[in-house]
Amino acid sequence: MDGYGVIVEEIRSCGRTAVTTGEDTLGVDLPGAAGGIEPALPGSASAVAARGLSSMWDSRLRFLGDDVVRLGTDLGAAADRYARDDAAARAGLGAVASRYRRFE
Amino acid sequence: MNIAWSELRRWDADAVEDAARRVKVRVDELGHLADTLNWQHPTGWHGEASDGARAERVRLVGKFDELGHETDPLKRALWTAADAIEALRRDQVEAEYLALHHDMFITDTGDLLTETGHGPMPGSPEAGDRHRISEGLRDEVDRILTQAQIVDDELAAALRRATFPARYPDAHGNQSRLNPPPGGTPAEINDWWLGLSQEERTELIETRAAWVGSTDGIPAADRDTANRQVLAEQRADLAAQLDTLKARVRTNPMEAVELRDQMSALEGKLRGLDDIGNRLDNTGPTKLDAYLLGIDSARGQAIIAMGNPDTATNVATFVPGTGSGLESISGDMSRADRMAQAADNADSPSTSVITWVGYAAPQDLAEAADANYAEDAKHDLDQFQDGLRAAHEGAPSHNTVIGHSYGSTVIGHTAATEGLDVDDVVFVGSPGVGVDNAADLNMPAGHVHATVAEHDMIRASNIGFEVVPGIDTDVHGPDPTGSDFGANVFESDPGTEGPDYQGGLSSEAHSQYWDHGNRALENMGLIIAGVPTT
């Protein structure tokens, strides 16, 4: 594999890592950690506030996880485009080379 | 939110500590994920796409880091709370054991029952000991519940700060957490305020009392604390102004006539402030505790709640009409007290009735023909109602607004254009409310109520035809008790009958709706309590 091909593979690999990281983020149960406060403090303002925090953390982790997955898919798509462009460039350069060979 | 003794029994310090531990574990997991994302950027990848990908990755890693940092104070608060709760629970168990040991019992509400039938003979030396022990136990129960309240306040504040971190930038942020969210709604103000520590709230009350006292969304008890300071300052200021004028008159008696109106206005305002002060101090058994929710002596405005609106089941706002201001605040506070009593008679579990003179009311009949006073008031009344909703604790209260005379016009204009967040509106002795039909008030059908006394002079303002051709005498629209208007019309006593040349109408009847025994007062109590009227 030449230098250009190495970069494309590196981008693809970063993309795969990001997708996995994003999916793992969605699975981190931080909201559940706050959810344990409500039943521990019945009748308190803290119980009400903990419910709000749990819900807010749930939204934030969903947005964050989705954004990381999106970065990963974008990187994968970029790697695919680079690979296609490289193949097209190679094909184009091959045609030029064969034309030159005819004049040799 | 008051902590009940029975609820404190179920507080679980271990579970709170476990929550702190779980938060730490989950945040550590997120930290590892951030590390995974923080890869070496592909060497040799340059250009716009490369820069964009790098910036996005850095942004996302930053988001993970932010979340981690934000939980640090929360974890500390949870650990502190867990320790405090453990100590409180231990004290609670000891107090209950001590009570049982002496044949006493602490009820679910924290009351101490001493008459268990097993006590010593009255008057015996043992009875004296028992009295001392019971007094000590009562003090201990109070201390434990007060401490529980403080623990809860502090933890709830930390939880709210973790929920809305952007509203509370830390020591490295540009904005002090003591600054409210810019342009915040009453709900946002309430969230922010509850997220401050008790020390921070106290600091704001002491340093920015006028702002705290006048801001909708801040709890009534804190507004009251701030406004009592403001009241004392404004009273001292008005008294000093009056002394200056009196000194001028003493020096130059010729100025007496010129300064008479000014001095009289100052004396009237001072009387009003004293009336408010007296009502705030009057916590006797027949009256609810009063809360000062707004005071502006320069503009002659005040807002006083009879009963805490943040905890009451039924909350009413009374908007007085023409002539209202500081000088006449005593009568308007008395009407609020009477409505609270009437609601109590109608089995309202708990009530707060607020005298809302938070607007520049017209001061005479000529001014009362001008709708601009109502237009100018509507934003403030709407905001105030939103603040009541935001600051209310527990299940939403049943909220009512009651307007007398021009106060009904203020409510009509507000409801029609701002959309009042209330359950019922009541018009009493109204000159018209700015719309032709109850349906235009953005209220659910059946929640607009109106009354007018048989002899009320206000009827003259609702003739509905041009007495003088070309001159509209019905400037505020039709009488809301009219059959075409569509309100629930409830009964009032007829009021004092006027002379024949006035068609039997009298100005006295316009002010008798709150007299003891008037059916209007009874009906307003029913509406405040959410009960059908007669």
Side-chain angles (χ1 to χ4, degrees), chain A residues 3-4 6-15 17-18 20-57 60-61 63-65 67-72 74-75 77-79 81-82, chain B residues 1-4 6-8 10-16 18-27 29-30 33-34 36-37 39 41-45 49-50 52-53 56-57 59-60 63-64 67 71 74 78 81 85 148 151-160 162-164 191 194-195 393:
Chain A
Y4 187 79
V6 170
I7 292 172
V8 170
E9 269 319 298
E10 260 190 79
I11 295 171
R12 200 186 305 284
S13 168
C14 289
T17 304
T20 309
T21 305
E23 288 168 351
D24 288 348
T25 303
L26 294 169
V28 174
D29 191 19
L30 185 61
I37 299 167
E38 189 178 354
L41 297 170
S44 67
S46 299
V48 178
R51 201 184 313 144
L53 175 62
S54 181
S55 161
M56 178 63 84
W57 274 350
R60 284 182 71 181
L61 284 186
F63 281 120
L64 184 56
D67 280 357
V68 175
V69 168
R70 193 171 303 113
L71 172 66
D74 286 352
L75 286 169
R81 270 197 304 276
Y82 284 131
Chain B
M1 193 171 280
N2 289 327
I3 308 300
S6 58
E7 285 163 342
L8 180 60
R10 294 188 287 131
W11 280 20
D12 185 345
D14 290 342
V16 174
D18 187 50
R21 204 174 301 117
R22 287 170 61 196
V23 169
K24 183 182 181 315
V25 169
R26 300 307 173 213
V27 168
E29 282 177 29
L30 290 170
L33 290 170
T36 313
L37 196 59
W39 59 63
H41 195 70
T43 322
W45 186 26
S50 167
E56 176 64 355
R57 182 173 55 79
R59 183 185 78 83
L60 292 172
K63 291 279 175 198
F64 279 95
L67 198 52
T71 59
L74 175 63
L78 284 167
I85 291 164
V151 170
D152 183 34
D153 281 351
E154 292 293 317
L155 181 57
L159 287 160
R160 287 194 185 90
T163 309
F164 304 106
D191 275 337
L194 296 180
E393 298 172 13

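So that the names make sense, note that chain A is the first sequence line, chain B the second, and so on, each numbered from 1.
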side-chain hydrogen bond (donor to acceptor under 3.5 Å, both in side chains) partners of B/Lys63, counting only residues at least two apart = none

Please state whether the side chain, the backbone, both or neither of B/Ala4 comes within less than 4.5 Å of a heavy atom of chain A.
-> neither

Is there side-chain contact between B/Thr36 and A/Asp24, with at least one heavy-atom pair below 4.5 Å?
-> no

Taking atom CG of A/Asp29 and atom CZ of B/Arg22, what is their separation to the nearest 0.5 Å?
-> 6.5 Å

Honestly, the part of A/Leu75 sitting under 4.5 Å from a heavy atom of chain B is side chain

Please report the shortest heavy-atom distance between A/Ser44 and B/Ile3, naming the atom on each side.
-> CA-CD1, 4.1 Å

Note: vs chain B, highest number of non-hydrogen pairs under 4.5 angstrom among A/Ile37, A/Val68, A/Asp74 is A/Val68

Given B/Thr71, B/Leu67, B/Val16, the one with more heavy-atom pairs under 4.5 angstrom with chain A than any other is B/Leu67

Correct closest heavy-atom pair for A/Ala40 and B/Ala15 would be CB-CB, 3.5 Å

In terms of heavy-atom proximity below 4.5 Å to chain B, should A/Leu71 be classed as side chain, backbone, both, or neither?
-> side chain

What part of B/Arg57 lies closer than 4.5 angstrom to a heavy atom of chain A: side chain, backbone, both or neither?
-> both

Any donor-acceptor pair under 3.5 Å linking the side chain of B/Trp11 with the backbone of A/Pro42?
-> yes

Mind listing the closest non-hydrogen atom pair of B/Arg26 and A/Ala33 along with its distance?
-> CG-CB, 4.4 Å

Of the non-hydrogen atoms in A/Ala49 and B/Arg160, which two are nearest, and what is the gap between them?
-> CB-CG, 4.1 Å

What part of A/Arg70 is in contact with chain B, defined as an atom under 4.5 angstrom from a non-hydrogen atom: side chain, backbone, both or neither?
-> neither

Correct closest heavy-atom pair for A/Ala50 and B/Leu159 would be N-CD1, 4.0 Å

Pairing residues for B/Thr163 by the side chain to side chain contact (heavy atoms under 4.5 Å, CB included) criterion, not counting sequence neighbours | A/Leu53, A/Met56

Which one of B/Asp14, B/Val27, B/Leu33 has the most heavy-atom pairs closer than 4.5 Å to chain A?
-> B/Leu33

Only one of A/Thr21, A/Leu64, A/Thr25 passes side-chain contact (heavy atoms from CB on, under 4.5 Å) with B/Leu60, and that residue is A/Leu64

Non-hydrogen atoms of B/Ala162 and A/Trp57 that approach each other most closely = O-NE1, 4.3 Å

